[in-house]
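Let me begin by presenting the structure, written as structure tokens, before commenting on it.
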There are 2 protein chains.
Amino acid sequence: MIKIGIAGYGNLGRGVEYALRRCPDMELVGIFTRRDPSSVKTVGCTAVYPMEAAESMKDRIDVMILCGGSANDLPQQTPAFARLFNVVDSFDTHAKIPEHFAHVDQAAREGGKVGIISVGWDPGLFSLVRLLAQGVLPDGADYTFWGKGVSQGHSDAIRRIEGVLDARQYTIPCEDALARVRAGEMPQLAAREKHLRECFVVAEEGADLNAIEQVIKTMPNYFADYDTTVHFISREELLREHGGIPHGGRVIRTGKSGEGSNGHVVEFSLKLDSNPEFTAGVLVAYARAAARLSANGESGCKTVLDIAPIYLHPQSPEELRAHLL
Amino acid sequence: MIKIGIAGYGNLGRGVEYALRRCPDMELVGIFTRRDPSSVKTVGCTAVYPMEAAESMKDRIDVMILCGGSANDLPQQTPAFARLFNVVDSFDTHAKIPEHFAHVDQAAREGGKVGIISVGWDPGLFSLVRLLAQGVLPDGADYTFWGKGVSQGHSDAIRRIEGVLDARQYTIPCEDALARVRAGEMPQLAAREKHLRECFVVAEEGADLNAIEQVIKTMPNYFADYDTTVHFISREELLREHGGIPHGGRVIRTGKSGEGSNGHVVEFSLKLDSNPEFTAGVLVAYARAAARLSANGESGCKTVLDIAPIYLHPQSPEELRAHLL
């Protein structure tokens, strides 16, 4: 049995708790939180501890799954925990991955532990497919499309606008661009040509709706470079129709081989009913890998690119070769 | 530079020769054939040697890519070469993989070499995606659909019928089954419900076309369990319209997480203009891995499930983390 701890208990932490119920080779030892443990309502009867109690339990936990946020939690938390535990995190600030890797690598080597960072679907499974497709088709172009799905970052950006009570933003891939990519055209696509943004906004009573719509549509980085539509709806409708956290996307690489060939299309797509729950499933599979790599005597920071697939599956190499290969 | 040899020069060997032209980190040393070397017309100015000359060149070649067939060539060839070279093959007789693995493993360990078997897209990339999807979504079901594409085995089976001069068989996935799988129904599907078989046949003049059609449609293992359509066409039309070797397919896994979720859909698809050329691209990427693993001091037999993705890509781990993850 691989003994697991969860550090941080929001949507992602809860998703990990659910995912572990489907893994008979893993056991959840406890959830660690910065909140008052007695205030945390878990899915099962899992014990909840204050974050500071983790260190005293380091011999009872094989892998700590870190479920904090990339902006404020993980840059400090992952290196700190990697001195004490094998860890897995979902750090997703692409530009800061090399820096985060260096910090976690140093800490994990000092602690003799394995730290796997940036686990999830992007970065994560999508990165892995990008690498595979580039390796197999060196002469080509690749594309990532996201959605249809809820972007938390864009939803939050709308919520910060004066007069807005709540909001949900969907990122939607442009069908026309998808068709051109799949046809092997290898087009150069501007941000506006790849994705649409659709916003559902609950405004305060009496707020200037035109002004809010303008602020959204012209917001730099988030919306200005896209075709954006804004719908004002009631709070009830938002909760009823837009309460889930679906997401998904696809990585496509088209490339040529030989001389006469028109080209090949490699496509990997995800359609996720719940973004945090699926991400949790990826974290749990890589936690299995972290435990096994550590048992093999490895240490230091790794990413999904460094992990042999066989470490992710509960079955033995012999079973996998016989039945899955 | 990774120095490569090609053993066997049919469609796959030629595909490898093309693929290597797109890999600046690899160099093709020679092609080895059982035919008269002077009769082999290569794509480039590659030197062609008799198969027996390979052993004398073992210090000049880092990886030998074996391009023979799974039925008659590879069961003997791969273990024999694995004593002398790091090797990669595309052995695709699923039921015999454990036996082939054992033979190659013993030979490669004795020779201190790395042998990677069953490399291609199925087995190969599809196996890898099946493993990933099962690891991430343990509670689900997966499906493999092939096509639309040419099945060489089924085409050959038709060619062996009396009165048949040539034939091409396409395997076609059933759209209805695909839609049910993607909708998360997790249906139990019979062979007939998953794929159609479409045959283009050139018959001898005066042959009994009805009899040929009946032999095809009732052929056990190959056609009897499927809805099969047969078209008789001229040799000219066969060459003009059905001269390519396209193929492809998709692996889909649907599964549930959490409690309320309707489920997730993971889908990996390939649309290949030339089956052997794409397979060759996969072989070349894994040849890179074989060279690197061998340089790290590893030996023995491996499959795509055992290889960390990072070994497949020419760029350094630092570059990949910074730009691709």
Side-chain angles (χ1 to χ4, degrees), chain A residues 15 18-19 22-23 43 94 97-98 101 118 123 125 127-132 134-139 182 248 257-259 261-274 277-278 280-282 284-285 288 303-310 312-314 317-318 320-322 324-325, chain B residues 15 18-19 22-23 43 94 97-98 101 118 123 125 127-132 134-139 182 248 257-259 261-274 277-278 280-282 284-285 288 303-310 312-314 317-318 320-322 324-325:
Chain A
Y18 272 121
R22 290 180 161 90
C23 297
V43 171
H94 287 261
I97 287 175
F101 184 93
S118 301
L125 302 185
S127 322
L128 209 157
V129 172
R130 281 191 280 264
L131 187 155
L132 279 174
Q134 288 185 10
V136 166
L137 280 181
D139 185 5
R182 288 194 185 116
S257 63
E259 252 177 358
S261 93
N262 293 318
H264 310 292
V265 184
V266 179
E267 179 164 349
F268 179 73
S269 70
L270 295 174
K271 187 166 168 291
L272 309 178
D273 199 51
S274 161
E277 287 182 8
F278 184 83
V282 186
V284 166
R288 179 180 291 120
T303 74
V304 298
L305 308 181
D306 302 299
I307 312 286
I310 208 151
L312 304 172
H313 200 290
E318 292 74 20
L320 292 170
R321 279 198 295 273
L324 182 144
L325 193 65
Chain B
Y18 272 121
R22 290 180 160 90
C23 297
V43 171
H94 287 262
I97 287 175
F101 183 94
S118 301
L125 301 185
S127 322
L128 210 157
V129 172
R130 281 192 280 265
L131 189 154
L132 280 175
Q134 288 185 10
V136 166
L137 279 180
D139 185 4
R182 287 193 185 118
S257 63
E259 254 175 356
S261 92
N262 294 319
H264 310 293
V265 184
V266 178
E267 179 165 347
F268 179 73
S269 70
L270 295 174
K271 188 167 169 290
L272 309 178
D273 200 50
S274 161
E277 287 181 7
F278 184 83
V282 186
V284 166
R288 180 180 291 120
T303 74
V304 298
L305 307 181
D306 302 299
I307 312 286
I310 207 152
L312 304 172
H313 199 290
E318 291 74 20
L320 292 171
R321 279 198 295 273
L324 181 143
L325 194 65

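Residue numbers start from 1 in every chain, and the chains themselves are labelled A, B, ... in the order their sequence lines are given, proteins ahead of strands. Keep in mind the model is a prediction, meaning the values are calculated, not measured.
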Say you draw a straight line from CG of Asp273(B) to OG of Ser257(A); how long is it, rounded to the nearest 0.5 Å?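 Atom-to-atom, Asp273(B):CG and Ser257(A):OG are 7.0 Å apart.
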Between [options], which residue shows the highest count of heavy-atom pairs closer than 4.5 Å to chain B?
options                                    : answer
Thr303(A), Leu272(A), Leu325(A)            : Leu325(A)
Asp306(A), Leu312(A), Val284(A), Val129(A) : Asp306(A)
Val304(A), Leu137(A), Val266(A), Leu320(A) : Val266(A)
Arg288(A), Gln134(A), Glu318(A), His94(A)  : Gln134(A)

Full working for side-chain contact (heavy atoms from CB on, under 4.5 Å) between Leu132(B) and Leu128(A): CA-CA 10 Å; Leu132(B) 280 175; Leu128(A) 209 157; 4.2 Å; yes
Is Arg130(A) reaching over with its side chain to a backbone N or O of Leu324(B), donor-acceptor style, under 3.5 angstrom?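 Here the side-chain-to-backbone pair exists.
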For Gly135(B), does its backbone N or O pair with a side-chain atom of His313(A) as donor and acceptor, under 3.5 Å? no
Tell me which of these, Ala308(B), Pro138(B), Pro123(B), Gly15(B), has more heavy-atom pairs under 4.5 Å with chain A than the rest. Ala308(B)
Would you mind checking which part of [X] comes under 4.5 Å of any heavy atom in chain B, side chain (CB onward), backbone (N, CA, C, O), both or neither?
X         : result
Ser118(A) : side chain
Ala322(A) : both
Arg182(A) : neither

Listed partners of Arg321(A) passing side chain to side chain donor-acceptor pair (under 3.5 Å), at least two apart: none
How are the rings of Phe278(A) and His264(B) set relative to one another: parallel (under 30°), tilted (30 to 60°) or perpendicular (over 60°)? perpendicular
Between Pro309(A) and Ile307(B), which heavy-atom pair has the shortest distance, and what is it?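 Shortest heavy-atom separation between Pro309(A) and Ile307(B) comes out as CD-O, 3.3 Å.
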